[in-house]
Structure formats: C-alpha cells, structure tokens
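Right, one structure below, let's go through it.
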Amino acid sequence: MPIKNSFSERCYALLKTVPKGKVTTYQSLAHALGTQAYRAVGTALHHNPYAPNVPCHRVVNANGDLGGFASGPKKKIALLRQEGVLVKGGKIVDFEKKFFNCKPFK
DNA sequence: TATTTGACCAAGA
DNA sequence: ATCTTGGCCAAAT
C-alpha cells in the first residue's frame, strides 16, 4: 500500500524537485504546497521515511540559518558541502544565491 | 474528538 | 544583537 496522499508525501515529492547545489526553505515548500504549515513541513522531514531518496538536507530556515537535522547538524553541513553549499557559523553562505524558490505543486 | 507537540516564522521588547 | 510571544497547520497521543 505504497501510495499515500498525505501532506508529508507531497513535501517529499516537492523536495525531490530541488536541484543539487541549491537549498530551499520550509516556508517556500509549504507555500508551494498551498499552505502556511511551515512547522508541519519540518515535522514531515523529521520523520523522513524516504531518507537518502529525499534531499532533506537541502531544506534550511527562512532566515538563512541551518535549520535542523535528525542525524545532527554536522551531517547536514557535510552533505551540503559535498554539493557546493557552504555553511559558516550555522548559517548558509550566500544564502540568497543558493536559494531555490519552489514552484506551486500540482 | 480533544490536547499536545514540533527540523518554523515574524514581530515586539 | 538576543529573548519572548503569538501564530500557523499537520501528525502524534
């Protein structure tokens, strides 16, 4: 019973569309999904049942801060670094350049 | 069904 | 600049 049309599933689907080397925000994801539930997005990603399949490390806070990560912030920084996104002092370097605004999800 | 919680955000002090 | 407060909405209990 694979296909579940829950809010979380939509988050993952949309998140998979974020290109490598870019980051998005919880707010952008939620807004693209047609809701204001930034927090619900965070909750969904924390569960993260599609672990490596979904690039949950590309999601950061709207103010350019690193945000959270289930396996610890170090891991998240390392993954971002591999994709060319640098993190300094818990902040995304050149956040505005790396930011990817999600398009509305059908 | 109701209450609580959370990988958030924005505004105020 | 930091800290507190209120608000948003889905998922878990």
Side-chain angles (χ1 to χ4, degrees):
Chain A
M1 45 347 157
I3 63 176
K4 275 193 288 191
N5 286 340
S6 56
F7 177 82
S8 302
E9 293 293 326
R10 283 178 290 196
C11 291
Y12 308 136
L14 184 61
L15 182 51
K16 277 192 279 191
T17 68
V18 178
K20 183 169 83 67
K22 297 259 182 171
V23 292
T24 188
T25 65
Y26 298 94
Q27 189 174 46
S28 180
L29 286 170
H31 188 30
L33 292 172
T35 180
Q36 300 301 120
Y38 333 109
R39 309 197 74 184
V41 174
T43 303
L45 294 184
H46 188 201
H47 291 148
N48 191 17
Y50 294 82
N53 194 16
V54 175
C56 44
H57 56 273
R58 292 181 194 150
V59 187
V60 298
N61 290 4
N63 65 329
D65 208 341
L66 183 60
F69 200 64
S71 303
K74 304 196 321 292
K75 198 73 175 182
K76 186 166 181 175
I77 294 171
L79 289 168
L80 287 172
R81 182 171 188 162
Q82 288 177 5
E83 299 186 351
V85 180
L86 299 182
V87 181
K88 186 95 172 183
K91 295 276 185 182
I92 302 299
V93 179
D94 294 325
F95 172 61
E96 296 183 18
K97 289 185 180 182
K98 308 293 184 183
F99 177 69
F100 174 80
N101 191 1
C102 298
K103 307 194 312 277
F105 187 65
K106 296 187 242 141

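Each chain gets a letter, A, B and so on, in the order the sequences are listed, and its residues count up from 1.
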In whole Å, what is the span from the [atom1] atom of [X] to the [atom2] atom of [N]?
X     : N      : atom1 : atom2 : value
A/L15 : B/dC8  : CG    : C1'   : 16 Å
A/N48 : C/dA11 : CG    : P     : 15 Å
A/D65 : B/dA10 : CG    : C1'   : 15 Å
A/N63 : C/dT2  : CG    : C1'   : 13 Å
A/L29 : B/dG6  : CG    : P     : 21 Å
A/L33 : C/dC8  : CG    : C1'   : 15 Å
A/K91 : C/dA1  : NZ    : C1'   : 11 Å
A/L45 : B/dT5  : CG    : P     : 22 Å

At 4.0 Å (heavy atoms only), tell me whether A/Y26 reaches a base, stays on the sugar-phosphate, or touches nothing.
base

- Would you classify A/T43 as touching base, sugar-phosphate or nothing, given that sugar-phosphate means primed atoms plus P, OP1 and OP2, and contacts are heavy atoms under 4.0 Å? base

- Does A/N61 make a side-chain N or O approach to OP1 or OP2 of B/dC9 shorter than 4.0 Å? yes

Would you say A/Q27 reaches B/dA10's phosphate, i.e. side-chain N/O to OP1/OP2 under 4.0 Å? yes

Assert: residue with more 5' nearest nucleotide on DNA chain C, out of A/R39 and A/A44, is A/R39

[options]: which one has an atom nearest the side-chain heavy atoms of [X]?
X     : options               : value
A/Q36 : C/dA10, C/dC8, B/dA10 : C/dC8
A/T35 : B/dA7, C/dA10, C/dG7  : C/dA10
A/A37 : B/dA7, B/dG6, C/dC9   : C/dC9
A/T25 : C/dC8, B/dA7, B/dC9   : B/dC9
A/F69 : C/dA11, C/dG7, B/dA7  : B/dA7
A/S8  : C/dC9, C/dC8, C/dA11  : C/dA11

Hey, is the main chain of [Y] close enough, under 3.5 Å, to the side chain of [X] for a donor-acceptor pair?
X     : Y     : value
A/K76 : A/L66 : yes
A/R10 : A/L33 : no
A/S8  : A/A44 : no

Rounded to the nearest 0.5 Å, the CG atom of A/N61 sits from the NZ atom of A/K91 at a distance of 8.0 Å

Correct closest heavy-atom pair for A/C56 and A/L15 would be CA-CD2, 3.6 Å

